[in-house]
Every structure is written in C-alpha cells, then in structure tokens.
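Below is one structure, written out as structure tokens; the observations come after it.
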Amino acid sequence: MNETDKPFKKRHYKPWIITLSIILISAVGLLAGMPGAEDFDAFDLTILPLLNAIFNSFTFVFLICALVAILNKKYKVHSRFIYAAFVTTFLFLLSYVTYHALAPSTPFGGEGAIAALYYFILITHIVLAAAIVPLALTSVARAWNREYERHKKIVHWTMPIWLYVSITGVLVYVLISPYY
C-alpha cells in the first residue's frame, strides 16, 4: 500500500497560516520599536545575534540540501530537510525575539558604500522575511494536502526567497557585529 492508497482527508490550513503570519510579523515589528530591558545582566546578550546567524546558516544549508534532494526525486529526504529548515528558522525566531525584547537596537556604524550595501541588504531582508512566513507555511500546507502541482508553483517563489532571507540574515550579522 502506498501513500495514495491510504485514506486521506484534505485539511483547511488557510486560517492558521493567516493567523500565525499576522502574529509573527506583528511581534517582530513591535519589537523593532522597543528600547530593550533596562539593566539586563543575566548573560551577555550579544551571543544571541551570533546564534541567529548560526541558525540562519543552518537554514540555508538545509534548504540547499532540500533543493538537491527534490531535484533527485528523493521526496522523503527533501521533506526532512524542509522540516529541519523550519526547526532552525523557529530557533532563530526564538533567539531573535529574545534578543530584541531585552537589548536596545544596535546602530550600524559604517559609512559610505558599506552603509549603502548594509541598508540595502537589511531592508530587502526584512521585507522578504515578512513575505516568507505565509509563503513557507502555504508551501508546506500544500504538500501536506498532497496538492503537489500547487505546491510546485508556490515553491518556485518560496525557495529562492527563503534562501535569500537566510543568507542575508548571516550577512546582516557579519556587517553589524563589530558594533555590538
């Protein structure tokens, strides 16, 4: 008996995707304007941006592995790497929210061309990070519902955007880390 022979009930994930997307994007947006906690000294908060970069690096690697797996028609391996990317993205989000709830915003200290590059990468990263939330959730929901043709159509957008967001997250850290 294969997967298509088993009884299957399609689920309606759209309300969950919309709700989760609004909550996550709003929480991150609200944190951007917060001053941070006063006199927090339980541990050195600058470890968290490094963890963010590490989690983003793993997400990037997992996505590349998922892409290679799907191109080789290794569907189970592909889905495992996608789930791994979701886990590291979730861990990134926990670390990111913790850092921005506790630490004041770190201004970028570079000037000239490096500042222009930094802000270009940062702005595109932020905009596309917001877009990736509903895209990634919709992509996985379509796979769960065995809507493989619709899944393929959306992942042509989701995969490159998610790859860009994960690698630019690392670049943002590399560029701003001297100013922590």
Side-chain angles (χ1 to χ4, degrees), residues 1-34 48-49 51-102 122-173:
M1 180 184 291
N2 64 32
E3 180 183 280
T4 56
D5 296 334
K6 297 176 186 172
F8 176 75
K9 181 182 177 196
K10 184 177 168 181
R11 291 191 162 72
H12 188 64
Y13 294 105
K14 195 176 217 174
W16 288 102
I17 292 168
I18 292 168
T19 302
L20 193 53
S21 295
I22 290 169
I23 290 169
L24 291 175
I25 295 166
S26 297
V28 169
L30 288 172
L31 285 171
M34 292 181 67
L48 295 176
L51 282 176
N52 294 344
I54 291 168
F55 292 137
N56 273 321
S57 299
F58 274 101
T59 298
F60 184 82
V61 170
F62 291 149
L63 291 172
I64 292 294
C65 292
L67 184 57
V68 169
I70 201 66
L71 292 173
N72 290 305
K73 300 189 183 322
K74 301 198 183 269
Y75 303 110
K76 190 168 265 322
V77 172
H78 166 76
S79 66
R80 287 178 179 159
F81 277 119
I82 291 296
Y83 293 144
F86 268 98
V87 168
T88 53
T89 297
F90 177 74
L91 292 172
F92 158 80
L93 188 60
L94 287 178
S95 176
Y96 180 89
V97 165
T98 301
Y99 177 76
H100 287 283
L102 297 174
L122 179 64
I123 291 166
T124 57
H125 172 81
I126 291 168
V127 169
L128 293 173
I132 202 59
V133 175
L135 281 171
L137 294 172
T138 301
S139 296
V140 77
R142 288 181 180 179
W144 287 345
N145 275 334
R146 300 181 187 169
E147 297 173 321
Y148 300 119
E149 288 306 312
R150 293 182 73 215
H151 172 76
K152 280 190 231 179
K153 286 180 183 178
I154 196 170
V155 297
H156 285 288
W157 291 96
T158 305
M159 182 61 82
I161 292 171
W162 201 356
L163 284 166
Y164 181 84
V165 167
S166 59
I167 200 65
T168 56
V170 176
L171 290 174
V172 165
Y173 170 75

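Just so it is clear, the structure is predicted and the values come from calculations on it, not from any experiment.
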Pairs under 3.5 angstrom only: tabulate donor-acceptor contacts from the side chains of residues 18-32 to other protein residues two or more places apart or in another chain.
unit_1, atom_1, unit_2, atom_2, d
Thr19, OG1, Pro15, O, 2.8
Ser21, OG, Ile17, O, 2.7
Ser26, OG, Ile22, O, 2.7

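The side chain to side chain donor-acceptor pair (under 3.5 Å) search around Thr138 returns none, not counting sequence neighbours. Remark: Ser57 engages no residue in a side chain to side chain donor-acceptor pair (under 3.5 Å) (not counting sequence neighbours). With sequence neighbours excluded, no residue forms a salt bridge (charged side-chain N to carboxylate O under 4.0 Å, His left out) with Lys153.
Residues Tyr164 and Thr124 meet the side-chain proximity criterion, which asks for heavy atoms closer than 4.5 Å. Within the 4.5 Å cutoff, the side chain of Ile82 has heavy atoms near those of the Leu63 side chain. By the 4.5 Å heavy-atom criterion applied to side chains, Val170 and Phe60 are not counted as neighbours.
Applying the salt bridge (charged side-chain N to carboxylate O under 4.0 Å, His left out) rule to pairs touching residues 9-25 yields Lys10-Glu147, sequence neighbours excluded. Applying the ring pair (Phe, Tyr, Trp, His ring centres under 6.0 Å) test to residues at least two apart or on different chains, the pairs with a partner in residues 74-97 are Phe86-Trp162, Phe92-Tyr96, Tyr96-His100.
Rounded to the nearest 0.5 Å, atoms CG (Leu135) and CD1 (Ile154) are 5.0 Å apart. His125 contributes atom NE2, which lies 11.0 Å from atom CD1 of Ile132 (distance to the nearest 0.5 angstrom). Atoms OG1 and CG, on Thr88 and Asn52 in that order, are 11.5 Å from each other to the nearest 0.5 Å.
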**Message:** Before you tell me yes or no, could you show the steps for Leu93 and Thr89 under side chain to side chain contact (heavy atoms under 4.5 Å, CB included), namely the whole-Å CA-CA distance, both residues' side-chain angles and the distance that decides it to 0.1 Å?
**Reply:** CA-CA 6 Å; Leu93 188 60; Thr89 297; 5.7 Å; no

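Partner of Leu128 under the side chain to side chain contact (heavy atoms under 4.5 Å, CB included) criterion, out of Thr168, Ile123, Val165: Val165 alone.
Closest of all the heavy-atom pairs between Ser95 and Leu51 is OG-CB, 3.9 Å. Minimum interatomic distance between Asn56 and Gly169 (heavy atoms only, all atoms of both residues): ND2-CA, 3.6 Å. Taking each heavy atom of Pro49 and Tyr173 in turn, the nearest pair found is O-CD1, 3.5 Å. Among all heavy-atom pairs drawn from Val140 and Leu137, the shortest one is CG1-O, 3.3 Å.
Remark: Phe58 CZ is loosely packed, at most 12 non-hydrogen atoms of other residues, nucleotides or ligands lying under 6.0 Å away.
In this structure, Thr59 contributes its side chain and Phe55 its backbone to a donor-acceptor pair below 3.5 Å.
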